[in-house]
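For reference, the structure discussed in these notes is given below.
Just so you know, these numbers come straight off a predicted model, no measurement behind them. Scope of the values below: all heavy atoms of this structure, side chains included, with no hydrogens, waters or symmetry mates.
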Protein chains: 2
Amino acid sequence: MTHHIRVLDTASASGPQSARSRIPGVPQAGKPVERLIRAGQRLFHQGDAASHLFELRAGILRQTRTLESGERQVIGFHFPGDIVGFAPDGIHRDDCTAITDGRAIVHHADARTLADRSPELQPRLWAAAMQEIGRAQDQLVMLGRRSASAKVEAFVQYLIERAGNWRDGQVSVDIPMSRYDIADFLGVAVETVSRSFTDLRQAGVIEMTDPHRLTIRHPAALANLR
Amino acid sequence: MTHHIRVLDTASASGPQSARSRIPGVPQAGKPVERLIRAGQRLFHQGDAASHLFELRAGILRQTRTLESGERQVIGFHFPGDIVGFAPDGIHRDDCTAITDGRAIVHHADARTLADRSPELQPRLWAAAMQEIGRAQDQLVMLGRRSASAKVEAFVQYLIERAGNWRDGQVSVDIPMSRYDIADFLGVAVETVSRSFTDLRQAGVIEMTDPHRLTIRHPAALANLR
DNA sequence: CGCCTAATTGATAGGTATCAACGCTTGTGG
DNA sequence: CCACAAGCGTTGATACCTATCAATTAGGCG
């Protein structure tokens, strides 16, 4: 059905960060630590205890869930500014992997413990948790769209809202994730994603110099597509 | 595309609870109050300030978002035990309507304010927020399923987990929501929902005496369908 | 250089949205 | 009390969309 194993995953598993190792440089308790993140590295695994909370400062993360059937669903992407690692019942139900190099503040505690321990963090923790709820719900709306091209359009809009660079009335954005990631994010086939991008390009809505760079000259056109 | 207006909504708007009125019996501040909820009543509206938090004690709620295009997405259903009314940025982006009669404890505060004001509630509030994240993510997995019948199967499983009654090794559950609600929950057409139920029935996986009551004699069969 | 993967495009079969019609229940008014 | 309207759920027929299989190109890496 869907794609079982991705290059990034295997690359990371065989790379300098062994798959099941603790995040290096993270103390078992105490003060938060800033960590560098390398593309392909996994921050936490499906099944791990949710023992760390990450304040992402740079880079893009991908959170995925793999079903017993082998199907993969991308639960979400994380961008700088996000707080990552919320989990009900103290157990991660997803993998979280870096798509690009990055940097994060790592707290050795789950959200609730951290809120108890550091009251000054509470406002930001609550805001982040609410944002997480809101983003998951927005993604539901994205997935609920009936047609595949509407989903891809909504994804483009989402990317722009989260990471778009505005300049001279036009907006461009990097697309660090693969077409497979986008496909598993939207619940459509990778070929459909590719075709939808082509359609959007030929319709004059978007421009793409290469598959991972997108520009919109007339953003109003996209707004109409909502 | 999708269904613009539902009977319950219009019924509620013309019913005893006027559409834009405050929740009756709720003080503007102070102690929580228990409120009865009538089927069709709306607890909050898209665009409202997120000024109340509801501890649902009985009944089923439906949270929906309506797009400018008129399409409706069911963001989620709420069951007894849920805490309802989390919203990022203090503004509700969804409508929340009672599907059945019910009962709730109403707090006149948003989650963060309530956490500040009532520290003894903090553990439950955090747990509820984490649950909300987890459920939205589970729903993403449901929507990501490729085939419509797989989505309906996943929905049945979801219903059973949330509200199933186990007895003598078999499980049954009420389905209080309409086929339209299920369709807008799963992002498929209402006819497809109906056909999928029929298929599941004919395949011997489920039994349905009427459209709103479901029984599974051999739950193991459903587990295999994951 | 040769292998592997990503991304794209093509062809086709199958699934699902859509339009349509019907039975059923509920509520309303004559 | 019965006729009627309205909405829900279901089923049928059909056209369109998309998943799937296949092939091609381009780029990265050992």
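Residue A:Met177 contributes atom CE, which lies 15 Å from atom P of C:dA6 at whole-angstrom precision. Here the P atom of nucleotide D:dA19 and the NZ atom of A:Lys151 are 8 Å apart, to the nearest Å. Note: CZ (B:Arg213) to P (C:dT25) measures 19 Å, nearest angstrom. Rounded to whole angstrom, the span from the CD1 atom of B:Ile175 across to the P atom of D:dC8 amounts to 16 Å.
Checked against the 6.0 Å centroid criterion, the rings of A:Phe54 and A:Phe86 do not qualify as a close aromatic pair. Between B:Phe197 and B:Phe155, the distance separating the two ring centers is not shorter than 6.0 angstrom.
Annotation for B:Asp95 and B:Gln46: closest pair OD1-N, 2.7 Å, computed over non-hydrogen atoms.
With respect to the salt-bridge test (charged N to carboxylate O, under 4.0 angstrom), the residues A:Arg217 and A:Glu207 qualify.
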Could you encode protein contacts along nucleotides 10-17 of chain D as a string, one character per nucleotide from 5' to 3', using B for base contact, S for sugar-phosphate-only contact and - for no contact, with a heavy-atom cut-off of under 4.0 Å? BBBB----
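In summary, the side chains of B:Ser172 and B:Arg167 do not present any donor paired with an acceptor at a separation below 3.5 Å, with no hydrogens or angles considered.
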Could you please spell out the steps behind the salt bridge (Lys or Arg N to Asp or Glu O under 4.0 Å) verdict for B:Arg72 and B:Asp181? CA-CA 9 Å; B:Arg72 194 184 75 148; B:Asp181 289 339; 2.7 Å; yes
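Distances shown here put a side-chain N or O of A:His212 below 4.0 Å from the OP1 or OP2 atom of C:dA7.
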